[in-house]
Amino acid sequence: MSWMYLIVAGLLEIGWPVGLKMSQEAETRVMGILLAIGFMAASGFCLWMAQKHIPIGTAYAVWTGIGAAGTFLVGVMFYGDPASLARYFGVALIVAGVIVLKLAH
């Protein structure tokens, strides 16, 4: 169950940078800030639950890895962020690291 909390925490981690991006526009500023705060709180809670049975270093690395890779993909797909083979390779390395941490646990 702790790994499920950790995966959910990582996925929720994607939401707060998206909320902050939304807050850059005047018409969605308040909604973006509220979304960011909500996703931060939910992600933090799930991370806290996961750390009951997963070592802190592993949990933090997996949490940030899922959040970083997911945010990268959202940026490319919805916000026109640059995408290159090298950037995708970097994200693949992050995902590979997360997989190794899970298997080594």
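These figures come from a predicted structure and were not determined experimentally. Scope of the values below: all heavy atoms of this structure, side chains included, with no hydrogens, waters or symmetry mates.
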task: Could you check F89 against S84 for side chain to side chain contact (heavy atoms under 4.5 Å, CB included), going step by step and ending with a plain yes or no?
output: CA-CA 9 Å; F89 181 68; S84 67; over 6 Å; no

field: Hydrophobic cluster membership, V18 vs L73, 4.5 Å side-chain cutoff
entry: no

Single-linkage hydrophobic cluster, 4.5 Å side-chain cutoff, V74 and I33 together: no

- prompt: If you take all heavy atoms of G10 and I66, which pair is closest and at what distance?
  reply: C-CG2, 3.4 Å

- prompt: Between W16 and I37, is a side chain to side chain contact (heavy atoms under 4.5 Å, CB included) present by the stated rule, with each step listed?
  reply: CA-CA 7 Å; W16 71 265; I37 292 169; over 6 Å; no

task: Could you walk me through whether D81 and F72 pass the side chain to side chain contact (heavy atoms under 4.5 Å, CB included) test, one step at a time?
output: CA-CA 8 Å; D81 287 358; F72 167 77; over 6 Å; no

- prompt: With the 4.5 Å side-chain cut-off for hydrophobic clustering, are M77 and F39 part of the same group?
  reply: yes

task: Please report the C-alpha distance between V76 and Y88 in whole Å, then the side-chain angles of each, then the deciding distance to 0.1 Å, and finally whether the side chain to side chain contact (heavy atoms under 4.5 Å, CB included) criterion is met.
output: CA-CA 10 Å; V76 168; Y88 280 109; 3.4 Å; yes

field: Shortest non-hydrogen contact between I56 and Q51, atoms and distance
entry: CG1-NE2, 3.6 Å

- prompt: Do other residues, nucleotides or ligands put more than 12 heavy atoms under 6.0 Å from the CG atom of L85?
  reply: no

query: Ring centres of F45 and Y5 under 6.0 Å apart?
result: no

- prompt: Once you round to the nearest 0.5 Å, how far does CD1 of I7 lie from CG of L12?
  reply: 12.0 Å

query: Which heavy atom in C46 sits nearest to a heavy atom in A9, and how many Å separate them?
result: CB-CB, 3.5 Å

field: Where G70 and I14 come nearest, the two heavy atoms and their spacing
entry: CA-CD1, 3.5 Å

task: Please report the shortest heavy-atom distance between V98 and A61, naming the atom on each side.
output: CG2-O, 4.2 Å

field: Point-to-point distance, once rounded to the nearest 0.5 Å, from CD of Q24 to CZ of R29
entry: 7.0 Å

query: Same hydrophobic cluster for M40 and Y60, using side-chain heavy-atom links shorter than 4.5 Å among ILVMFWY?
result: yes

field: Shortest non-hydrogen contact between A69 and V91, atoms and distance
entry: CB-CG1, 3.7 Å

M4 CE to S2 OG distance, which is reported to the nearest 0.5 Å: 11.5 Å

